[in-house]
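Note that the structure is a prediction, hence the values are computed from the model and not measured. When a residue number appears, it is its place in the shown sequence, counting from 1.
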Amino acid sequence: MRPEGTPPRQAAHGWLPPWPRHTHWPHRPPGLRWPLHRPRFPGHLAWVDVAWAAFSVVNLVAIVVFSHWETVPFHFIWISLTLLYGFRVWSTKPTAWVLAVVMITTFTAIGWDVFHGAQSADELNEVPLMAAMFWMMVWHAQRRLAADNERDLVSEENARLLATQRRFLQDASHQLRTPITIALGHAELLAGDLAGRAEARDIEVVVGELTRLRRLGERLLMIAASEDPGFLRPEPVALDRFTMEAFRKWMPTARRRWSLGRLDPVLVTADRERLVLAVDALLENAVRHTAEGEEIRLEVVRGRDGETARMIVADAGEGILPPELDRIFDRFRSGSQLGGTRGTGLGLALVRAVARAHGGEVRVHSAPGEGSVFELVLPVARPAAPGPAAAVPGAQPRGTPDARRAARSDALGAGSRPAYASGDPGPPGAGRTTVEEL
């Protein structure tokens, strides 16, 4: 709550969030906590302030009574004031009043000793020196407090803007999905009625753009929802089988030299539906940036530590320029050097969102003219403790179909030979398996 009578603040971009804490006196900077109760009302003193005042009075009396040892109580006063201010951080006006009182009282006490000949007049020089040092500390503390408050304001404003952006993406994507689906259905009906006529080409353009717009909306909604706690519905997924299913699905869609490389038997805990979307985005990107007859290769490689697995999508396409590599997974980035059709700029952003939601990451290695290698890194599922069925001879493994396939694959060993699409002979001397045999 902002202090009474203080008007709300306004910045160039609009109204700022409510007035931050630490705006009244006395208060503490963030991260520092005095082990006492804070005063209930602004301006009221805590008992630690009263205790310090009493301690200072005792030391002032000691300066006068023990005039030959005045150095010790004099420094006790200034050291205790510095410690108290470090935890309290008063605002400038009350700090100036406290400093003035301490200077006057200590100067008077030492002056009394000088007047009676117990100390030399040079001792009076310590008062302005200690005051100057204390004021420098006050200046730095106030600067830090102002920076902390400004940082809090910026953080709150950024959080508000990000939340607003996220809600807008979710609302816009959701609200646009229904009318786009309806328009696409009518356009497809018109395309069927106009087949063989001159207008068919125009309606095909409409269907293509509506399809692209629907895919754009779905990806925006998916990216916006990727940080929700219920985004994933994990289940055991045999990554090698999953990769072969994606291979079979995509091979007829484009005239490329499709090949399967190393397929290590790996079981991951993942949301199959979200993982399909991420892999489809990687393969769509590979198809878009390769020409007819160029290779697209899929692999599954278990990490050396056994904790992670990499699903690799490699292509022999045009590659990515080095300046683009750091931003290739940002939203609406399509690569400035790429020719041909441009995508929505959301496919790779969706891949990164899905990977992070699973506790993994996505990597890319590429060079212009040498193709690209995308790696979807996922944590490997930990094997479950053997149950009672494991002790029964001939007992069948239980669980999901993918879990049973992974168990059978592990029993066969981790080695795997490359598999190649029909018409691809593979490297000389390599064992050859066609996709029809998988």
(Q) Let me confirm one number: the CG-OG1 distance from L263 to T243, rounded to the nearest 0.5 Å. (A)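 Here the interatomic distance stands at 6.5 Å.
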Q) Roughly how far apart are M103 CE and M130 CE, rounded to 0.5 Å? A)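 Going from the CE atom of M103 to the CE atom of M130 covers 11.5 Å.
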Could you check whether any side-chain heavy atom of [X] comes within less than 4.5 Å of a side-chain heavy atom of [Y], counting everything from C-beta outward?
| X | Y | value |
| --- | --- | --- |
| L283 | W258 | yes |
| F374 | N285 | yes |
| L275 | L239 | yes |
| F329 | V364 | yes |
| V102 | F134 | no |
| L378 | M311 | no |
| H365 | E375 | yes |
| N59 | F74 | no |

Q) Given the rule in the side chain to side chain contact (heavy atoms under 4.5 Å, CB included) test, do I104 and T108 qualify, once you have shown the distances and angles that lead to the verdict? A) CA-CA 6 Å; I104 292 172; T108 302; 4.1 Å; yes
Shortest non-hydrogen contact from [X] to [Y]?
| X | Y | answer |
| --- | --- | --- |
| A381 | T269 | CB-OG1, 3.3 Å |
| L348 | L282 | CD2-CD2, 3.9 Å |
| S120 | V114 | O-CG2, 3.4 Å |
| S56 | S80 | OG-OG, 4.5 Å |
| H75 | E126 | CE1-OE1, 3.4 Å |
| V279 | A246 | CG1-CB, 4.1 Å |

Q: Might you work through the salt bridge (charged side-chain N to carboxylate O under 4.0 Å, His left out) test for E284 and R288, ending with a clear yes or no?
A: CA-CA 6 Å; E284 178 187 346; R288 180 178 296 112; 2.7 Å; yes
Just checking [X]: does its [atom1] atom have more than 12 heavy atoms from other residues, nucleotides or ligands closer to it than 6.0 angstrom?
| X | atom1 | result |
| --- | --- | --- |
| F55 | CZ | yes |
| W97 | CH2 | no |
| M133 | CE | no |

Q) Stepwise, does the salt bridge (charged side-chain N to carboxylate O under 4.0 Å, His left out) test hold for R160 with E157? A) CA-CA 5 Å; R160 185 186 67 82; E157 183 67 11; 2.6 Å; yes
Q: Could you list the residues that satisfy ring pair (Phe, Tyr, Trp, His ring centres under 6.0 Å) with H116, not counting sequence neighbours?
A: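 H116: ring pair (Phe, Tyr, Trp, His ring centres under 6.0 Å) contacts with W112.
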Q) Do T106 and W78 pass the side chain to side chain contact (heavy atoms under 4.5 Å, CB included) test, and can you show the C-alpha distance, the side-chain angles, and the key distance before you say yes or no? A) CA-CA 10 Å; T106 54; W78 285 100; 4.2 Å; yes
Q.
Run V48 and W52 through side chain to side chain contact (heavy atoms under 4.5 Å, CB included) and show every step you take.
A. CA-CA 6 Å; V48 66; W52 171 81; 5.8 Å; no
Q: Ignoring hydrogens and angles, tell me if any N or O in the side chain of R302 forms a donor-acceptor pair with the backbone of V266 under 3.5 Å.
A: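 It does not hold such a pair.
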